[in-house]
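Beneath this line is the structure, given in structure tokens, with notes to follow.
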Protein chains: 2
Amino acid sequence: MRTTLELGQELGYAKLSIEAIAARAGVGKHTVYRRWPSKGALLLDSLLSRSASALDYPDSGDLRADLRRQIHEAVGLLAGGPLSPLFKSLVGEAQHDPGVAEALNERFIAPQAAKTVARLEAARDQGQLSPDFDLDLAMAILSGPLYFRLLITGEPLTPEYVDRVLDALFAGMAPRP
Amino acid sequence: MRTTLELGQELGYAKLSIEAIAARAGVGKHTVYRRWPSKGALLLDSLLSRSASALDYPDSGDLRADLRRQIHEAVGLLAGGPLSPLFKSLVGEAQHDPGVAEALNERFIAPQAAKTVARLEAARDQGQLSPDFDLDLAMAILSGPLYFRLLITGEPLTPEYVDRVLDALFAGMAPRP
DNA sequence: CAGTAACGGCACGGCACGTGCCGTTCTTGA
DNA sequence: TCAAGAACGGCACGTGCCGTGCCGTTACTG
């Protein structure tokens, strides 16, 4: 997995081959194929091994600050750092490999979304949000524009932009008097 | 281009090869490579040739109805119909092919976004929206969750969901008294 | 300590890539 | 009207990676 990330950063996902990974890692191809069914699955595991710990939500009592902090961290890791192109390519691979799509969803997207919703839920129970607000939709409105920038328009995903989306979201989320 | 869409629907993008397209079209490979630098570029042209006309905005005076109508149509074409998997794969390909990414942006995403913003602008000038509302951000909040569903979570992109996003957006967009 | 599973290394057939070279057909401009 | 040249369909080639066999060796397990 370490070699996968190294070679992936050097060559880009398109030119990355299992053959080359195995060769550089000093490993037979069988040993790779025994564990991972595809290049995408291998990359998913490799990326998760680097980012799993960094994506937990804090709960300081201040919802907005917590969202900001967590999203800034996630964006810095997956949209700013050297792993960003590989992460983008992984999402790309998921578009035509159903196995990768399911694994990516199950092991990264869904848990991350669930954490966000859980944090929103906690805030709602504390009266920081309108009781009738659709939390799933709020999560999508928060995540959607960020992935839209990252994957579609390619515009830079800056902390400032994250804040703009947060502002817009909270403009409609505040508890009603 | 017709053969590309046909074969693409039959085989899926991953198994689609320029070799097979040329063979079925009764055409030399040179003839394909002379026009398109890559499989992705060919698919982009092929898809645009089928969908370019269908994605214009109406202006009936009612912003919300116009947005609904246009987005429902776009979603039906790109997320519901038989071309949906190919469109998703094209966005996927853009993640590791900068040429495809740029062309996709320039020839589809950006014009479409510009149309949405222009329609919002017209509505704002008519007093249907708060004058200080950030129209680019509104466009992203509208598009983002839809692409998020389509490309990331894979949940079905239904007209009902489109309406939910529209509802949420308009809750924060209405002109202030 | 014996049996076995996993290993690194190598070779193989298969496929699509992108690019040459053929001889033919179509277009264009004098 | 016709000649020059561009574009064409067809074919073949070398290349790279795929995924899978088969070696003999090493490492674990009971």
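Model, not experiment: these values are computed from the prediction. Order of the sequence lines fixes the chain letters, A, B, ..., with proteins taken first and strands second; residue numbering starts at 1 for each chain.
Residue A:Ile18 has its side chain nearest to D:dC18 when only D:dC8, D:dC18, C:dC17 are considered. In the set C:dG18, C:dA16, D:dC18, the nucleotide with an atom closest to the side chain of A:Glu19 is D:dC18. Of the candidates D:dC8, C:dT19, D:dC18, D:dC8 carries the atom nearest the B:Thr31 side chain, counting heavy atoms from C-beta on.
Spacing between atom CG of A:Leu42 and atom P of D:dC18 amounts to 11 Å, rounded to whole angstrom units. The separation between A:Lys15 atom NZ and D:dT15 atom C1' is 14 Å, rounded to whole Å. The separation between A:Leu16 atom CG and D:dG16 atom P is 16 Å, rounded to whole Å. Here C:dA5 presents its C1' atom at 12 Å from CZ of A:Arg35, a figure rounded to the nearest Å. Residue B:Leu11 contributes atom CG, which lies 13 Å from atom C1' of C:dA16 at whole-angstrom precision.
With the nearest nucleotide of DNA chain C identified for both A:Ala22 and B:Ala20, A:Ala22 has the one nearer the 5' end.
At a cut-off of 3.5 angstrom, counting only N and O atoms as typed in the model, there is a donor on one side and an acceptor on the other between the side-chain of A:Lys29 and the base of D:dG19. Between the base of D:dC11 and the side chain of B:His30 there is no donor-acceptor pair shorter than 3.5 Å.
Between A:Arg34 and the phosphate of D:dG19, there is no side-chain N or O to OP1/OP2 separation shorter than 4.0 Å.
The neighbour count for B:Glu10 CD, taken as heavy atoms of other residues, nucleotides or ligands under 6.0 Å away, is above 12.
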Inset, instruction - Decide ring pair (Phe, Tyr, Trp, His ring centres under 6.0 Å) for A:Phe87 and A:Phe108; before the verdict, give the C-alpha distance in whole Å, the side-chain angles of both, and the deciding distance to 0.1 Å. - result: CA-CA 11 Å; A:Phe87 179 67; A:Phe108 179 75; 5.7 Å; yes

Inset, instruction - Apply side chain to side chain contact (heavy atoms under 4.5 Å, CB included) to the pair B:Val100 and B:Ser38, showing each step before the final yes or no. - result: CA-CA 8 Å; B:Val100 170; B:Ser38 67; 3.9 Å; yes

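Between the side chain of B:Lys39 and the backbone N or O of B:Tyr13, at least one donor-acceptor pair lies under 3.5 Å.
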